[in-house]
Amino acid sequence: MKRLMAAATSLVLAGSLAACGDDKPETSAASGDDSITMGFAQVGAESGWRTANTKSVQEAAKAAGIELKFSDAQQKQENQLKAIRSFIQQKVDVISFSPVVETGWDTVLMEAKRANIPVILTDRAVDSKDTSLYKTFLGSDFVLEGKKAGEWLVKQADAADVNKDGAIKVVELQGTTGAAPAIDRKEGFEEAMKANPKIAIAASQTGDFTRDGGKKVMESFLKAQKDIDVVFAHNDDMGLGAIEAIEAAGKKPGKDIQIITIDAVKDGMTALAEGKINYIVECNPLLGPQLMDLAKKVVAKQDVPQRVLTEETAFDQAAAKAALASRQY
Ligand code: GYE
């Protein structure tokens with residue numbers, strides 16, 4: 001809410017700045033040549049979701065005739081900061097990025113603002129008091145995703161009490177520490193699970209959104225915790241890593257331990273169709289076309305909404321089987 005209200009102020013501010021004139025030296029857009037150059041600082045290549053997101057951005061840029069300068073930060077904020085500064089130096093028309101973590105962006109965003117280069121946040125949000133530092137934020141409602149995961153568990157609580165001891169013991173595989181989807185998905189899940197006091201999180205640790213990270217953390221959970229009923233993984237890849245760890249420990253994923261994940265990429269959906277994952281909340285990575293539309297608008301100094309949400313659903317086994325054939329990613 002805080003973020004939204006501040007963002008609303010930013011829109012007003014951005015509008016009045018544009019009305020006062022713009023001292024940016026001739027941009028390609030302003031000089032009549034309407035080709036647009038976008039600098040895009042991606043998080044990395046940590047997951048199937050990310051791969052699909054990158055492909056969507058690259059294909060949509062091509063289709064929109066936008067020249068894309070693409071940089072991969074390998075999940076490191078310092079690399080993203082460098083990439084953004086280099087985009088500013090190159091005087092691109094618009095910068096877009098998916099912030100690895102929420103905090104620590106004000107200085108570089110101020111530099112972009114001073115250079116009159118509009119910034120579009122995509123996929124992940126920043127936690128900044130000054131939301132005039134970016135034009136819009138395109139992406140999912142991660143709190144809602146976590147909530148949907150928790151609500152499903154509340155509904156299935158009896159079935160999820162695999163050990164039949166009256167307590168539903170959950171272990172949580174968190175996304176990258178400090179990243180918006182990790183913070184928000186945890187918050188949404190915890191809010192929903194309050195509806196059933198039998199559900200408790202026994203252990204929670206980051207697996208950095210990777211398959212390998214999920215596998216390693218699950219291995220240590222399996223050693224340290226008895227009678228785990230449920231894994232809540234903040235993305236499919238960590239859930240897929242957990243499946244490997246559970247199988248290596250001689251247990252059946254989906255039966256001896258239930259698994260809930262978020263994303264709904266093909267590998268996750270396949271595991272769901274096979275019964276190794278029990279439920280997946282969708283997070284749509286195909287943000288490219290909407291991002292390019294927004295880019296054209298902000299470069300043309302048109303108003304854009306301060307928050308653009310993506311539509312999402314959720315899948316159980318039957319729904320995964322039905323959706324798999326036409327799944328693009
Ligand atoms: O869920 C995960 C990826 O920011 C929504 O990042 C994205 C998350 C996604 O690594 O798979």
Side-chain angles (χ1 to χ4, degrees), residues 3 40-57 72-77 79-80 96-103 105 120-127 137-150 172-189 205-215 217 231-243 259-272 277 279-288 290-291 307-315 327-329:
R3 272 190 223 141
F40 186 86
Q42 180 61 291
V43 169
E46 73 283 3
S47 64
W49 190 99
R50 191 62 55 197
T51 308
N53 178 249
T54 292
K55 192 164 170 249
S56 169
V57 169
D72 173 342
Q74 299 176 347
Q75 297 236 72
K76 291 200 178 72
Q77 182 172 34
N79 292 344
Q80 258 185 334
S96 178
F97 75 112
S98 303
V100 179
V101 291
E102 279 193 340
T103 55
W105 300 103
I120 300 176
L121 299 178
T122 175
D123 160 32
R124 297 184 184 178
V126 298
D127 185 4
F137 165 39
L138 163 68
S140 311
D141 182 340
F142 299 135
V143 177
L144 182 64
E145 291 171 352
K147 224 173 139 203
K148 284 185 193 166
E172 182 180 29
L173 298 171
Q174 288 187 43
T176 303
T177 306
I183 296 167
D184 293 353
R185 286 171 183 170
K186 182 173 186 50
E187 183 190 319
F189 186 83
Q205 214 174 295
T206 181
D208 214 12
F209 280 130
T210 66
R211 211 172 276 212
D212 198 44
K215 185 178 173 197
V217 175
V231 174
F232 169 45
H234 288 188
N235 77 343
D236 287 354
D237 281 82
M238 291 190 295
L240 292 162
I243 289 176
I259 304 179
I260 306 168
T261 67
I262 298 179
D263 272 357
V265 296
K266 223 173 199 159
D267 287 354
M269 295 283 272
T270 305
L272 176 56
I277 291 179
Y279 194 64
I280 304 185
V281 176
E282 184 183 43
C283 179
N284 185 2
L286 306 181
L287 304 179
Q290 274 172 298
L291 174 61
R307 178 75 171 98
V308 182
L309 276 167
T310 37
E311 291 269 322
E312 277 141 13
T313 177
F315 301 92
R327 204 78 183 154
Q328 293 172 47
Y329 53 88

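Whatever order the structure lists ligands and atoms in, that order sets their numbers, starting from 1.
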*Asks:* Quick one: do Thr210 and Asp237 satisfy side-chain contact (heavy atoms from CB on, under 4.5 Å)? Show the steps, please.
*Replies:* CA-CA 6 Å; Thr210 66; Asp237 281 82; 5.9 Å; no
*Asks:* I need the contact residues for ligand 1: any residue with a non-hydrogen atom closer than 4.0 Å to the ligand, ordered by chain then number.
*Replies:*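 Those residues closer than 4.0 Å to ligand 1 by some heavy atom are Glu46, Ser47, Trp49, Arg50, Asp123, Arg124, Phe142, Pro181, Arg185, Phe209, Asn235, Asp263, Cys283.
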*Asks:* My understanding is that only residues two or more places apart in sequence, or in another chain, count here; which of them pass side-chain hydrogen bond (donor to acceptor under 3.5 Å, both in side chains) with Thr103?
*Replies:*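 In terms of side-chain hydrogen bond (donor to acceptor under 3.5 Å, both in side chains), with neighbours along the sequence ignored, Thr103 is linked to no residue.
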*Asks:* Could you state the interatomic distance from CG (Leu240) to CG (Asn235), rounded to the nearest 0.5 Å?
*Replies:*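 It comes to 8.5 Å.
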*Asks:* Can you name the residues that form a side-chain hydrogen bond (donor to acceptor under 3.5 Å, both in side chains) with Glu172, not counting sequence neighbours?
*Replies:*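 With sequence neighbours excluded, Glu172 shows a side-chain hydrogen bond (donor to acceptor under 3.5 Å, both in side chains) to Lys186, Ser204, His234, given in chain and number order.
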*Asks:* By side chain to side chain contact (heavy atoms under 4.5 Å, CB included), which residues pair with Asp123, not counting sequence neighbours?
*Replies:*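 Once residues adjacent in sequence are excluded, the partners of Asp123 under the side chain to side chain contact (heavy atoms under 4.5 Å, CB included) criterion are Trp49, Arg50, Ser98, Phe142, Leu287.
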*Asks:* Salt bridge or not between Arg327 and Glu282? Use side-chain N to carboxylate O under 4.0 Å.
*Replies:*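 Answer for the salt bridge query: yes.
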